[in-house]
Amino acid sequence: MPGTEVIWEARAKVSVAMARLERLFDDGTLEVIGAEVTHRAQGFGLEKKKIPGDGVITASGLIEGRPVFAYAQDRTVLGGSLGQAHAQKIARLQDLAMRAGAPFVGINDSGGARIQEGVDALGGYGEIFRRNVAASGVIPQISVIAGPCAGGAVYSPALTDFVGMVDQSSFMFLTGPKVVKTVTFEDITVEDLGGARTHAERTGVSHFRWGSDEEAIGQVRRLLSYLPSNHREEPPFVAPGDDVARMDVAFNAIVPADPRKPYDVRRVVELVVDRDTFMEVQAGWAKNVVVGLGRLGGHVVGLVANQPLVNAGVLDIDASRKAARFIRTCNAFGIPLVSLVDVPGFLPGREQEYGGVIDHGAKLLYAYCEASVPKLSVILRKAYGGAYIVMSSQHVGGDVNLAWPRAEIAVMGANGAVEVLNRREIAAADDPEARAAELRADYEERFLNPNIAAQRGYIDAVIEPCETRWRLYRHLRVMLNKREWSAPKRHGNGPL
């Protein structure tokens, strides 16, 4: 037909968007949906630029044999801009994913809202956002930022469960560098304002930072292997190639005898989970807490661990936000939680108090209290004050609480406690330093001892470090069918 040359030219090109989807899905399973859709806008020459697909490819397929729905925006077609038809395609795909109870993946690479379509483009974003919220906690939603994502477009990824960005080729921000300079007179580059490193290390918006499209797609496939298709299904079980009864003496050498010396808690995490199964989430942000997915005896678990290597493992605003969000994600999809505790408390200081550490710390507390999945914890070394309570203690609903023999569970450490309780006695002593040392030793024996908590029933068992993996697996195995009743209500009103 006359006038269709542009259509055939577009079809003759293998777009980057299609290549991304073909790599994402298992070979031969991709099924394009809505390939012939075009926009209906008039004016500004749009009536002459009607290309099938309207700048986004929407499709279904299989990943490791499981159904998944995904879209990829095509920046070579109308800049990948979002207009009414473009948005309708994505919204329809979201509806299909919900009906099928299957994960939803979005690959974002767009110039933003199609200005020529005005409010129709804005309304299109709203339709997508509403479906993001409806699907939250029902099906896994993963966003890949593979190019530009600016303005209102950033809110769809922000509403999904996981966001990953491709380094040096993607960015996210509400307003670009030119607007920032006009309003605030700041000079800033696109990369510094909203690049992958910025969101992976400074803001925490991005859960992953990938080096290339190929790495991004491979890691999305890996991430999906830990997640159920929907909230009614169990996380995928994989027969372990690692002995669940492994008694690894390496556990015994990780934590230094000196309680002031740091160590990398990732070594403990990697020994607890099946070999080579730990996938860390938000590794570059709030490094004083480590979170991620792994397998224990083939069962998927979410791990939350204080990191003594960074700020002694204290909890602060960002660490509380990071852990709380991860805990809620795991709870939404029925993934049991394993907490490895070594926390001296919350970070003190004016900056933290002014920043609302009370509210943000309450997010972590709320997340642990709200979680109805199996909750197991091991106190590796320190568990002081309010941070002890927050970190999956029995008092906030922890199902199984274990401790290593040198664990210290108290309101505060011996130095601080003796200074508060025995200040006058120490000052009046003939040898204040010797008396202070005696009092510290007495305090440690009487209070900094896991057996005290065990005698009161707050710790279920004091175990040898080398037993950690085996004991956690045994407790996990009997708690997998855990069920909790909660009072009917619209929703809780936790701190946001």
(request) Tell me, please, which residues at least two apart from R423 pass salt bridge (charged side-chain N to carboxylate O under 4.0 Å, His left out). (result) none
(request) Measure the spacing between CG of L364 and OG of S320 and express it to the nearest 0.5 Å. (result) 5.0 Å
(message) Strictly by salt bridge (charged side-chain N to carboxylate O under 4.0 Å, His left out), give each pair with a member in residues 187-198 just once, sequence neighbours left out.
(response) K181-D187, R197-E201
(request) Find the distance between NZ (K382) and CZ (R260) and round it off to the nearest 0.5 Å. (result) 9.0 Å
Name each donor-acceptor pair under 3.5 Å that joins a side chain in residues 452-462 to protein atoms two or more places apart or in another chain, with its distance.
residue	atom	partner	partner atom	Å
D460	OD2	N401	N	2.8

(request) Decide yes or no for V314 and F346: does some side-chain heavy atom of the first lie under 4.5 Å from some side-chain heavy atom of the second? (result) no
(request) Have a look at L303 and tell me which of V269, V290, L293, L296 forms a side-chain contact (heavy atoms from CB on, under 4.5 Å) with it. (result) V269
(request) Could I get the full list of salt bridge (charged side-chain N to carboxylate O under 4.0 Å, His left out) partners for D430, not counting sequence neighbours? (result) none
Pairs of donor and acceptor atoms involving the side chains of residues 489-496, under 3.5 Å and at least two apart or interchain, shall be tabulated with distances.
none

(message) Closer than 4.0 angstrom, basic N to acidic O: yes or no for R202 and D318?
(response) no
(message) Can you confirm whether L380 sits close enough to V341 that some side-chain heavy atom of one is under 4.5 Å from a side-chain heavy atom of the other?
(response) no
(message) Looking at every heavy atom in both G298 and D274, which two are closest together, and how far apart are they?
(response) N-OD2, 2.9 Å
(request) Determine, using ring centers only, whether H199 and F171 are less than 6.0 Å apart. (result) no
(message) Determine whether a donor-acceptor pair (N or O, by modelled atom type, separation under 3.5 Å) exists between the side chain of R471 and the backbone of C466.
(response) no
(message) Hydrogens and angles aside, do Y368 and S339 bring a side-chain donor and acceptor to less than 3.5 Å of each other?
(response) yes
(message) Holding to salt bridge (charged side-chain N to carboxylate O under 4.0 Å, His left out), I want the full list of residues that pass it with E280, two or more places apart in sequence or in another chain.
(response) R266
